[in-house]
Amino acid sequence: MNDDEFLTSLFEAQRGQLRAVAYRMLGSVSEADDAVQEAWLRLNRADTGDVRNMGGWLTTVVSRVCLNMLRSREHRREDPLEERMPEPVVSSADGADPEQEALLADSVGLALLVVLQQLEPTERLAFVLHDMFAVPFDDIAPIIDRTSAATRQLASRARRRVRGAAPAPDPDVSRQREVVNAFMTAARDGDFDTLVSLLHPDVVLRTDVGPSAARGWNELRGALTVGQQALMFRRMAPYAHPVLVNGVAGAIVVLDGRTTAVGSFTIADGKIVTMEILGDPARLTGLDVAALTGRA
């Protein structure tokens with residue numbers, strides 16, 4: 001094996017972990033792949049003869065690339081309050097493929113990614129690297145030009161926000177599916193009382209229908225409000241198909257062979273606590289309806 005082949009093998013051994021780090025940082029599979037590709041280019045240009053921990057070195061490089069991308073994203077954004085739904089990872093109800101499973105280890109649901117994208121870039125990096133990948137604060141601090149103590153404080157602040165806004169889902173996906181199916185049935189039948197009974201009193205519904213709409217991003221709270229909204233879309237319920245969205249029970253709505261919406265449901269203690277609905281046509285075009293639903 002020559003030097004190029006050896007370097008390639010080292011990088012490929014770390015690719016899955018690097019994509020997972022970048023996806024949590026950026027909330028986008030395509031941007032995560034761009035960050036990983038940039039890390040590969042930097043690896044080829046760098047003198048790594050003295051590197052003893054290639055995985056740690058590459059994680060640092062990807063983290064810095066992601067940090068720059070997040071900062072650039074903030075500078076480009078015309079409206080500082082503008083929000084976009086993170087990019088969902090959608091797989092068939094039978095389960096994710098191995099590549100997706102590696103990307104979604106530890107159940108990185110859309111609800112969590114929504115909260116992460118509301119953090120400052122340095123907070124997000126400190127939380128992702130330490131709490132999700134057990135990187136020591138001493139190793140994170142140089143990436144963001146902070147002391148270890150300051151980095152610890154950033155992660156702690158982020159952790160408090162995450163715990164308050166992104167509850168951990170019930171681990172049993174089949175039980176999640178039962179709740180989602182009951183919700184869809186109630187929506188289709190116009191059964192408001194059952195809808196409300198399936199919702200946590202403080203449920204949050206987030207929708208993103210794209211920047212071209214007057215209100216592309218919308219957020220509603222409370223079981224009564226969300227239940228009423230669900231009734232407004234009862235005509236869509238018959239066209240919903242079960243899928244997994246970021247590893248939890250979800251649904252896609254398919255009309256005339258085209259996906260018009262993707263929904264993710266966070267179920268905790270048997271109640272729906274968050275719902276994330278992506279209805280932006282430009283971001284749904286790449287989904288393989290046949291593969292996800294088993295229908296041509």
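Just so it is clear, the values below take in all heavy atoms, side chains as well, and ignore hydrogens, waters and symmetry mates.
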Practice item. Using only heavy-atom distances, determine whether the side chains of Asn218 and Thr207 contain a donor-acceptor pair under 3.5 Å. Key: no

Check your understanding: Regarding Ser156 and Arg160, is there a side-chain donor-to-acceptor distance under 3.5 Å anywhere?
Key -> yes

Study note, to complete from the structure: Tightest non-hydrogen contact, residues Ala268 and Asp170, listed as CA-OD1, 3.4 Å

Check your understanding: Counting heavy atoms not belonging to Phe192, are there more than 12 under 6.0 Å from its CZ?
Key -> yes

Practice item. Considering only NZ, NE, NH1 and NH2 on the basic side and carboxylate oxygens on the acidic side, decide whether Asp202 and Arg221 come within less than 4.0 Å. Key: no

Check your understanding: Would you say Val253 and Thr259 make side-chain contact, with heavy atoms under 4.5 Å?
Key -> no

Check your understanding: Ion pair present between Glu38 and Arg45, side-chain N to carboxylate O less than 4.0 angstrom?
Key -> yes

Point to revise | Residue pair Val209 / Asp280, side-chain heavy-atom distance below 4.5 Å | key: no

Check your understanding: Quick one: CD on Glu219 to OG1 on Thr274, what's the gap to the nearest 0.5 Å?
Key -> 10.0 Å

Point to revise | Arg152 atom CZ: more than 12 heavy-atom contacts under 6.0 Å | key: no

**Study point:** Glu120 with Arg157: basic N within carboxylate O range, under 4.0 Å
**Key:** no

Review point. Between Arg234 and Asp189, is there a salt bridge with N-O shorter than 4.0 Å?
Key: no

Check your understanding: Would you call the rings of Trp40 and Phe11 parallel, tilted or perpendicular if under 30° counts as parallel and over 60° as perpendicular?
Key -> tilted

Revision key, fill the gap. The side chain to side chain contact (heavy atoms under 4.5 Å, CB included) partner of Asn246 among Leu112, Leu113, Val90 is Leu113

